[in-house]
Amino acid sequence: MKLQLHNTLTKRKEEFVPLDPSNVRMYVCGPTVYDFAHIGNARPVVVFDTLYRVLKRLYPRVEYARNITDIDDKIIARALESKRTIDEITQETTRAYHEDMAALGALRPDHEPRCTQTVPEMVAMIAKLVASGHAYAAEGHVMFNVPAYAEYGRLSGRSRDDQIAGARVEVAPYKKDAADFVLWKPSTPEQPGWESPWGRGRPGWHIECSAMSEKLFGPTFDIHGGGQDLIFPHHENEIAQSVCAHDGVQFVKYWMHNGFVIVNGEKMSKSLGNFYTVRDLRDRAPGEAIRLLLLKTHYRAPLDFTDDGLKQAKGELDRWYRALASVQDADEEISDIPLPVEQGGVLEDLMDDLNTPMAIARMHALADFVLNPTSHSHMPSGAPAIYTKGQLKHRLLLNARLLGVLTQTPDAWFKWTPSGNEGPSAADIEAAIQARLDARKAKNFAEADRIRDDLKAKGVILEDGPKGTTWKRG
RNA sequence: GGCCGAGUAGCAAAGUGGUAAUGCAUCGGAUUGCAAAUCCGAUAUGCGGCGGUUCGAUUCCGCCCUCGGCCUCCA
């Protein structure tokens, strides 16, 4: 089985053949740091983090870059209205972003370039585009001249005529062509800016990714990812800039785009204000549950975010953690029934264009098997084998690692407390459990049940097992 | 208007040219003092609609309907 990925460029699944198997390179568009990340921002992070984990399993060296956009008019506007400095905003937001993404189990990328540290490279690339006739300076701006690149529109599948016909923006007078887009724009003295051959100014939106990827990866690399909304114009423009700045050399081999997160069937976006921040969600559910929710839907399909979905994702993880907790290290109960999933099943699912729902189904089958190794519901198929519970648990954990879940102990998982901590403390709960135990010993079941119901009303669920009573928060 | 994507059980969500994974919910049963958890079993004659290709289509093709997205900052 070979890695198959859907390429937006060809609109089909293709076998992934790296440019250089000894160094696979992936670039994903990162956040503009002016506000907390919302669940829609989190989706590409989790999706491409999962791909990163798969790639690392398959190739000896993978370089993953995700930029931080810290020059942007939205940041400037935020600084003005909040009366804080741009540095304060970008640093604070970047830190929050790192915390939030870590909570979602996302590994840190190998590179995290910042626009503010790549301005000279951007200026150099723009100068090159001007020199080669693909761009021109006008009224302090530098514009990319779209007609100068014949292939423009290939990624998004729209012709230049379509674009002009559908244009809803006013055409700036300094544009030679209605489709031209800005590479560099002038800054007023109050606005942040850098000296350039065209005067003091700042980069346009698209040039940053072209310059940063070139700096890290050279003119060509393997995978470029992002949300579907970036296909046009952002990625289309990146291609134009990079290809023209590199004498027609291919920019990216595989373009990958995740679908949108919607809320109650409606688009979620910052401009509509109907979004959940990761930060808020983290108060309501463990990060792993948020992560699993994002992986329960195939990455290219739209994902409708609901509270119920979050609850369900948590419930599925509950079961997996229960499976882990059911196996003591010394437990050597064995099964002679073949594993319900073949070797590397989860990996193979993920290698099929990141089929996370299928991978999750396999995780369930594996968890079932861990809980009940001698079950006859797991239809034998393939060569017979004998597994101990310990081996099955190990397999479950190995597969979970690919999905970025089951990273904590079952105990920690079940004692997770929502922030704001409305429920009783762990000590209170333990005391109540002891009181209930005494009541049960005395056969005072009415009192025992009252205690249990009381805890349940406070969101704590008790489970009487052979090894005593355990609890979790519902 | 142009371009793109989606419509599968109560909900969520995979998948396949040969008769529908998985999770939740629901209904039986085992277990339990009762629960929870766990286990056993049941639950879509059906995959938006209408045609076509085919021995056979949910799966391919065409048309239609509905919904969403992009074309402007946005993951």
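Every chain is numbered from 1, with letters handed out A, B, ... down the list of sequences.
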Mind checking the CD-CG spacing from A:E316 to A:L293? Nearest 0.5 Å is all I need. 9.5 Å
CD-CZ distance between A:E236 and A:F181, expressed to the nearest 0.5 angstrom: 9.0 Å
Quickly work out the A:W320 CH2 to B:rU38 P distance and round it to whole Å. 14 Å
Pair A:T407-A:E288, side-chain donor/acceptor within less than 3.5 Å: yes
When only distance counts, do a donor and an acceptor, one from the side chain of A:R300 and one from the base of B:rG5, lie under 3.5 Å apart? no
Would you mind reading off the distance between A:D318 atom CG and B:rA37 atom C1', rounded to a whole angstrom? 11 Å
Quantified in whole Å, what is the P atom distance between nucleotide B:rC60 and nucleotide B:rC73? 36 Å
Using atom C1' in both nucleotides, what's the gap between B:rG62 and B:rU54 to the nearest angstrom? 16 Å
Is A:H234 touching bases, backbone alone, or none of the nucleic acid, heavy atoms closer than 4.0 Å? nothing
Is A:R436 touching bases, backbone alone, or none of the nucleic acid, heavy atoms closer than 4.0 Å? base
Can you tell me, in whole Å, how much space there is between the P of B:rA20 and that of B:rC39? 25 Å
When the C1' atoms of B:rA57 and B:rU8 are compared, how many Å lie between them, rounded to an integer? 14 Å
Is the gap between the ring centers of A:F251 and A:F221 under 6.0 Å? yes
With P as the reference atom in both, quote the distance from B:rG28 to B:rG5 in angstrom, rounded to an integer. 46 Å
Which residues pass the ring pair (Phe, Tyr, Trp, His ring centres under 6.0 Å) test with A:H298, sequence neighbours left out? none
Would you mind classifying the nucleic acid contact of A:R43 as base, sugar-phosphate or nothing, using non-hydrogen atoms under 4.0 angstrom? nothing
Using atom CG of A:N258 as one end and atom C1' of B:rG69 as the other, report the distance to the nearest whole Å. 13 Å
Output the single nucleotide from B:rA35, B:rA21, B:rG33 whose closest atom is nearest the side chain of A:F445. B:rG33
Grab the OH-P distance between A:Y299 and B:rG69 for me, whole Å please. 21 Å
Mind checking if A:L230 touches a base, just sugar-phosphate, or nothing, with heavy atoms under 4.0 Å? sugar-phosphate
Atom CG in A:L281, atom CG in A:L310: separation rounded to 0.5 Å? 5.5 Å
Rounding to an integer number of Å, can you tell me how far A:F36 CZ sits from B:rA75 P? 16 Å
A:D449 (side chain) and B:rG33 (base): donor-acceptor pair under 3.5 Å: yes
Taking atom C1' in both B:rC34 and B:rA30, compute the distance separating them and give it to the nearest angstrom. 16 Å
Could you check which of B:rA75, B:rG33, B:rA37 has an atom nearest any side-chain atom of A:A448? B:rG33
Show me the protein contacts with nucleotides 23-26 of chain B, counting only N or O atoms at under 3.5 Å.
| unit_1 | atom_1 | unit_2 | atom_2 | d |
| --- | --- | --- | --- | --- |
| B:rG23 | O2' | A:E316 | OE2 | 3.1 |
| B:rG23 | N2 | A:Q312 | OE1 | 3.1 |

Hey, does A:G309 reach any base, or is it just sugar-phosphate, or nothing, if we go heavy atoms under 4.0 Å? nothing
Is A:R284 salt-bridged to A:D280, going by a charged N under 4.0 Å from an acidic O? no
Between A:R452 and A:N355, which is nearer to the 5' end of RNA chain B once each is assigned its nearest nucleotide? A:N355
What residues form a side-chain hydrogen bond (donor to acceptor under 3.5 Å, both in side chains) with A:Q434, not counting sequence neighbours? A:D438
Roughly how many Å apart are B:rU45 and B:rC3, using the C1' atom of each and rounding to a whole number? 39 Å
Measure the distance from CZ on A:F305 to C1' on B:rG68 and round it to the nearest whole Å. 19 Å
For A:V45, answer base if it contacts any base atom (sugar-phosphate contacts may also be present), sugar-phosphate if it contacts only those atoms, and nothing otherwise; contact means non-hydrogen atoms under 4.0 Å. nothing
Sequence neighbours left out, what passes side-chain contact (heavy atoms from CB on, under 4.5 Å) with A:R95? Give chain and number order. A:E92, A:E99
Contact class for A:D453 (heavy atom, under 4.0 Å): base, sugar-phosphate, or nothing? nothing
Assign each of A:A301 and A:L371 the nucleotide of RNA chain B bearing its closest heavy atom; nearer the 5' end lies the nucleotide of A:A301
Under 30°, 30 to 60°, or over 60°: which ring-plane class applies to A:H234 and A:H206, parallel, tilted or perpendicular? tilted
Rounding to an integer number of Å, can you tell me how far A:L293 CG sits from B:rC11 C1'? 14 Å
A:I68 CD1 - B:rA75 P separation (whole Å): 12 Å
Provide the distance between the two C1' atoms, one in B:rC47 and one in B:rC55, to the nearest whole Å. 22 Å
Secondary structure of RNA chain B per the Watson-Crick/G-U criterion (both distances under 3.5 Å; [ ] crossing, | other strand, . unpaired) is (((((((..(((.....[...))).(((((.......))))).....(((((..]....))))))))))))....
Residues 36-55 of chain A vs salt bridge (Lys or Arg N to Asp or Glu O under 4.0 Å), sequence neighbours excluded, gives A:D49-A:R53, A:D49-A:R291
For the side chain of A:K11, starting at C-beta, report the closest nucleotide among B:rA75, B:rG33, B:rC4. B:rC4
Candidate nucleotides B:rC34, B:rA36, B:rA75, ranked by approach to the side chain of A:E463 - the nearest: B:rA36
B:rC3 phosphate, OP1 or OP2: any side-chain N/O from A:S156 under 4.0 angstrom? no
Near A:R84 CZ, under 6.0 Å, is it more than 12 heavy atoms from other residues, nucleotides or ligands? yes
What nucleotide, of B:rC73, B:rA21, B:rC39, holds the atom closest to the side chain of A:M358? B:rA21
